[in-house]
Amino acid sequence: MIDLNNLPKGHFINEAINEDLKQGKNNHKVHTRFPPEPNGYLHIGHAKSICLNFGTAKEYGGLCNLRFDDTNPAKEEEEFILAIQDNVRWLGFDWDDRLFFASDYFEQLYEYACQLIKKGLAYVCDLTQEQMRQMRGTPTEAGQLSPYASRTVEENLRLFAEMRDGKFADGEKVLRARIDMASSNFNMRDPVLYRIQRNEHPRTGNKWCIYPMYDYAHPLSDAIEGITHSICTLEFENHRPLYEWVLNNLDVPCKSRQIEFARLNITYTVMSKRKLRRLVEEGFVAGWDDPRMPTLAGMRRRGYTAPAIRNFCEKIGVAKANSTVEIEMLEYCIREDLNKIAPRKMAVLDPLKVTLINYPAGQTEMLNAENNPEQPEDGSRKLPFSREIYIERTDFMEEPVKGFHRLTVGGEVRLKHAYIIKCEEVIKNADGEVSELLCSCDMSSRSGMEGANRKIKGTIHWVEANSALPAEVRLYDRLFTKENPDEQEEGKDFTDYLNPDSLKVLTDSLVEASCALCTGQSSCQFLRHGYFVTDTDSKANKLIFNRIVSLKDSWGKKQG
Ligand code: ATP
Ligand code: MG
């Protein structure tokens with residue numbers, strides 16, 4: 001039982017629900033639903049809606065259903081139905097046995113439509129789409145009533161039954177609500193409730209050739225399931241009068257209340273399934289789970305964690321006005337999560353060989369390296385060290401620029417967890433490129449020794465040559481070069497703003513030996529490079545890492 005004196009506070013959705021509870025509506029219950037259309041994969045915007053719907057139900061000790069809004073078989077597929085369930089579960093939410101499909105209600109929805117006809121509130125209309133458009137009127141002028149609006153109840157019932165029975169061609173007739181052609185709200189100017197459409201439905205097959213429109217099916221599905229609060233995005237705000245009209249004109253078990261909130265948009269990406277679908281179908285990305293995609297499948301493969309995404313959705317809050325969140329904030333959230341849990345490793349993405357000329361040949365020692373300075377209880381690991389190592393090519397400069405504090409000819413640098421080394425000689429290949437460095441090693445400077453306390457400006461990472469494992473590393477950048485790819489210049493398409501450098505594949509990288517244990521989807525921090533995760537393509541004999549996010553945080557800093 002909900003304690004009315006101690007209701008959750010927060011945003012306008014809480015306020016609306018609290019108001020209903022105080023008035024004793026719905027037997028003091030809160031029941032929500034997440035209603036995806038199975039016409040694509042879920043994206044991070046959907047995650048916002050999932051967190052809000054499941055989160056609100058939980059806050060009030062209520063329930064949340066998962067309902068597929070599968071009323072348009074032209075674009076809906078079983079693949080999406082399965083992927084969506086997988087995504088919602090992965091995000092950490094559970095619908096128990098409340099998995100529903102709007103298509104389960106087709107028979108009931110048909111019956112309800114007959115009731116509207118009997119009340120004189122719906123009629124079969126033969127106007128073409130084009131004629132209907134022309135007769136709709138303008139914002140300042142009323143529309144014209146359809147000449148078919150005067151059909152009798154009997155005729156309408158017979159024609160509607162014939163529509164269902166397949167007597168007419170696709171598009172030949174529709175069922176329309178009889179509301180108000182002079183309404184200032186276009187959605188109320190005798191909206192279409194049913195259309196004829198011969199598409200095989202993923203669940204009902206060819207049983208139906210008429211399908212209900214969203215604005216008709218949604219309120220009734222909500223009512224049938226006993227949904228008390230139907231949370232949706234802002235574009236449905238001026239559909240609300242129609243939502244209420246449907247429920248008020250039928251004898252339904254529950255009158256759900258529709259509450260709208262602003263869609264989530266994020267900079268440097270697109271968030272509409274239609275556009276994401278184009279990226280997949282036109283081959284701009286490798287699939288719905290391409291790690292550059294803002295889909296949950298893509299983000300998961302990229303190494304985003306469910307807690308980080310939930311935390312992001314919590315942080316951005318719920319708004320009543322559309323706005324765009326900076327992608328840096330999402331990156332901040334994943335860093336925040338991984339910083340606590342990701343073990344530190346060393347990986348050299350672009351290796352340059354270093355031979356330590358005074359280090360005994362054939363000797364290998366095991367050095368101690370902490371796993372995570374943020375979590376001392378995570379302990380340490382042993383790193384092999386020997387005469388031959390690899391460092392990052394960019395950590396050496398033959399002709400150093402001002403402010404370069406890493407390795408230079410004659411200069412010293414500290415190897416993380418190991419020794420201080422000095423570059424004595426540069427070896428080049430026939431093309432004049434640096435192929436190896438000969439360095440001396442200060443044998444008294446191992447981490448923890450007295451001699452390690454000398455002041456050295458730079459510390460670099462490395463891997464030991466014999467034990468290091470080859471790896472492919474995939475570096476991702478923003479998918480688009482434009483902050484808002486939805487806003488296009490004259491004659492351009494959003495795909496014109498795709499970032500040609502959004503994926504860089506490095507095939508010659510080397511990772512420390514302990515990475516062999518990175519099986520399944522395990523994430524780590526490669527020191528100085530960022531957070532990485534093993535890709536689903538990764539195998540024991542071919543390690544592949546995705547960069548989840550670099551270490552540089554511009555968002556957190558801005559917040560002070
Ligand atoms: P898209 O425009 O990306 O195709 P949609 O709204 O058509 O999205 P649905 O499958 O109908 O996709 O969405 C399921 C639920 O998720 C709806 O309640 C919808 O309002 C919500 N939703 C979709 N996109 C966003 C978003 N960007 N931010 C918040 N909620 C969203
Ligand atoms: Mg939709």
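Computation of the quantities below employed the complete heavy-atom set of this structure, encompassing side-chain atoms and omitting hydrogens, waters and symmetry-equivalent molecules. Both ligands and their constituent atoms are indexed starting at 1 by order of listing.
- Atom numbering of ligand 1 starts at 1 in the shown order; those under 4.0 Å from a heavy atom of Pro35 are 14 (C), 18 (O).
- Ion pairing between Lys482 and Asp496 fails under the 4.0 Å rule for side-chain N and carboxylate O.
- The Ser272 neighbourhood of ligand 1 comprises atoms 3 (O), with distances under 4.0 Å to a heavy atom of that residue.
- Residues Asn18 and Tyr60 are in side-chain contact: their nearest non-hydrogen atoms beyond the backbone lie under 4.5 Å apart.
- Looking at ligand 1, you'll find an N or O of His46 within less than 3.5 Å of one of its N or O atoms.
- Ion pairing between a basic and an acidic side chain is recognised when a charged N comes within 4.0 Å of a carboxylate O; Glu282 and Arg277 show no such pairing.
- Scanning Gly45, Pro36, Gly40 for the heavy atom closest to atom 30 (N) of ligand 1 points to Gly45.
- Among Arg274, Glu235, Arg263, Arg33, the residue whose heavy atom sits closest to atom 6 (O) of ligand 1 is Arg263.
- Checked for salt-bridge contact, Arg300 and Asp289 miss the test: no charged N lies under 4.0 Å from a carboxylate O.
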- [ ] For Arg547 and Asp477, run salt bridge (Lys or Arg N to Asp or Glu O under 4.0 Å): C-alpha distance rounded to whole Å, both residues' side-chain angles, the deciding distance at 0.1 Å, then the answer.
- [x] CA-CA 9 Å; Arg547 183 169 67 195; Asp477 198 353; over 6 Å; no
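- Ionic pairing of Arg240 and Asp215 is not present here: no N-O contact between side-chain nitrogen and carboxylate oxygen is shorter than 4.0 angstrom.
- For ligand 1, the atoms closer than 4.0 angstrom to any heavy atom of Thr233 are 19 (C), 20 (O), 29 (C), 30 (N), 31 (C).
- Nearest to atom 28 (N) of ligand 1 by heavy-atom distance, out of Val318, Val270, Leu264, is Leu264.
- For the pair Met271 and ligand 1, the shortest N or O to N or O distance falls below 3.5 Å.
- Counting atoms of ligand 1 from 1 in the listed order, those under 4.0 Å from a heavy atom of Phe261 are 29 (C), 30 (N).
- In this structure, a donor-acceptor pair under 3.5 Å is present between the side chains of Asp337 and Thr305.
- Any N or O atom pair closer than 3.5 Å counts here, and Asn39 shares no such pair with ligand 1.
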